[in-house]
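Single-structure report; data block below.
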Number of protein chains: 2
Amino acid sequence: MAADPLSRVFAALADPTRRDMVARLAVGDATVGELAAPYDVTVQAVSKHLRVLEDAGLVSRSREAQRRPVHLEAEVFDLMTKWIERYRRQAEERYRRLDDVLRSMPDDDAPPTTQERNPS
Amino acid sequence: MAADPLSRVFAALADPTRRDMVARLAVGDATVGELAAPYDVTVQAVSKHLRVLEDAGLVSRSREAQRRPVHLEAEVFDLMTKWIERYRRQAEERYRRLDDVLRSMPDDDAPPTTQERNPS
DNA sequence: TCCTTCATCAACCTCTTGGTTGAGTAGGAC
DNA sequence: GTCCTACTCAACCAAGAGGTTGATGAAGGA
């Protein structure tokens, strides 16, 4: 299992079945059996998926008689969006600057190289 | 390899080394050798990581003499943020409604159950 | 031409992952 | 008590991921 939280969250959502379960849980809490119903896999496999989601902090499980209602914890999403937004903004900012440089150059100049794109 | 684009992007970013490379590339383009330098792995391993990032659409590689400058493609991030935001908003909206229901109930009522949290 | 550099391809190894089956546990219902 | 339901645990298996080493390709410099 990945040590860092960000790796766990990304890995958990890398599986389409698990993303599907998150989508289902966004509508409302559900039991393991309810979550397993739409899929052509055993309830044990679904239980494993839920454990991955739980380890990532994406869901929590309580107890209610024999049932184990699963609950979506939306806060962890922020971890990802913060990471993503940081580097997206950084990359976009870089392009803005590159465009400025290109606009300030004469038309017959050479195309941009690695060095020009990566000013150190 | 995962078939759907979203799975590929999430899986690509589930590895801390690859996230690190994305962070490096947000600063500017780099060659495979430059990207490999900080890590205690072979350049072949780094080349494999870059292939994963490329298959996910997160980076592109051009040619420049023997070098293969790697370039960050920030647009794919939108795929993820859209997915994340959709379900986060949905979950938050659900809580807002749940809070309204709870507030409208008498104090001595039972704690919320799965059914109450999942009105269908 | 030969050499060096930068990077990929191919084969292999180990650990993880997503699935299975079978057994076990927890808690109503009868 | 004995069932039945809902779920988890344990062991196993096939496939994939991340790493290695060794060989190969592609391009500039001597």
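First and last contacting nucleotides of DNA chain C toward chain B (any atom under 4.0 angstrom from a heavy atom, 5' to 3' order): C:dT5 to C:dA11.
Closest non-hydrogen pair, B:Ala36 versus B:Val43, comes out as CB-CG2, 4.2 Å. What you find for B:Leu58 and B:Val9 is that their closest heavy atoms are CD1-CG1, 4.3 Å. Here the closest heavy-atom approach between residue A:Ala30 and residue A:Leu25 is recorded as N-CD2, 3.8 Å.
Distances shown here put every side-chain N or O of B:Thr42 at or beyond 4.0 Å from the OP1 or OP2 atom of D:dT21.
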Salt bridge (charged side-chain N to carboxylate O under 4.0 Å, His left out) between A:Arg88 and A:Glu85, intermediate numbers included | CA-CA 5 Å; A:Arg88 196 174 58 144; A:Glu85 278 309 303; 2.8 Å; yes
For side-chain contact (heavy atoms from CB on, under 4.5 Å), just list the numbers for A:Asp29 and B:Arg94, CA-CA rounded to whole Å, side-chain angles, deciding distance to a tenth of an Å, and then say yes or no.
-> CA-CA 10 Å; A:Asp29 294 4; B:Arg94 185 158 68 88; 3.5 Å; yes
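Nearer the 5' end of DNA chain C, as judged by each residue's closest nucleotide, is the contact made by B:Val32, out of B:Val32 and A:Val43.
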Would you mind building the protein contact string for nucleotides 23-30 of chain D? One character per nucleotide, 5' to 3', B for base within reach (heavy atoms under 4.0 Å), S for sugar-phosphate only, - for untouched.
-> ----B---
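The aromatic rings of B:Phe10 and A:Phe10 lie tilted to each other, with the angle between the two planes from 30° to 60°.
Taken from CH2 in A:Trp83 to CG in B:Leu13, the straight-line distance is 4.5 Å, to the nearest 0.5 Å. A distance of 10.0 Å separates CD1 in B:Ile84 from CG in A:Leu79, rounded to the nearest 0.5 Å. To the nearest 0.5 Å, atoms CE (B:Met21) and CG (B:Leu53) are separated by 7.5 Å.
Put simply, CG on A:Leu35 is 13 Å from C1' on D:dC7, counting in whole angstrom units.
Residue pairs satisfying the salt bridge (charged side-chain N to carboxylate O under 4.0 Å, His left out) criterion with at least one member in residues 6-22 of chain A, sequence neighbours excluded, are listed as follows: A:Arg19-B:Asp4. Here salt bridge (charged side-chain N to carboxylate O under 4.0 Å, His left out) pairs that include residues 66-76 of chain A, with residues two or more places apart or in two chains, number zero.
One hydrophobic cluster holds both B:Val76 and A:Phe77 under the rule that ILVMFWY side chains link at heavy-atom gaps under 4.5 Å.
The backbone N or O of A:Arg63 lies less than 3.5 Å from no partner atom in the side chain of A:Arg61, so there is not a single donor-acceptor pair.
A heavy atom closer than 4.0 Å to some atom of DNA chain D occurs in B:Asp15, these being the qualifying members of residues 5-15 of chain B. Applying a 4.0 Å cut-off to non-hydrogen atoms, the residues of residues 46-57 of chain B that approach DNA chain C are B:Ser47, B:Lys48, listed by residue number.
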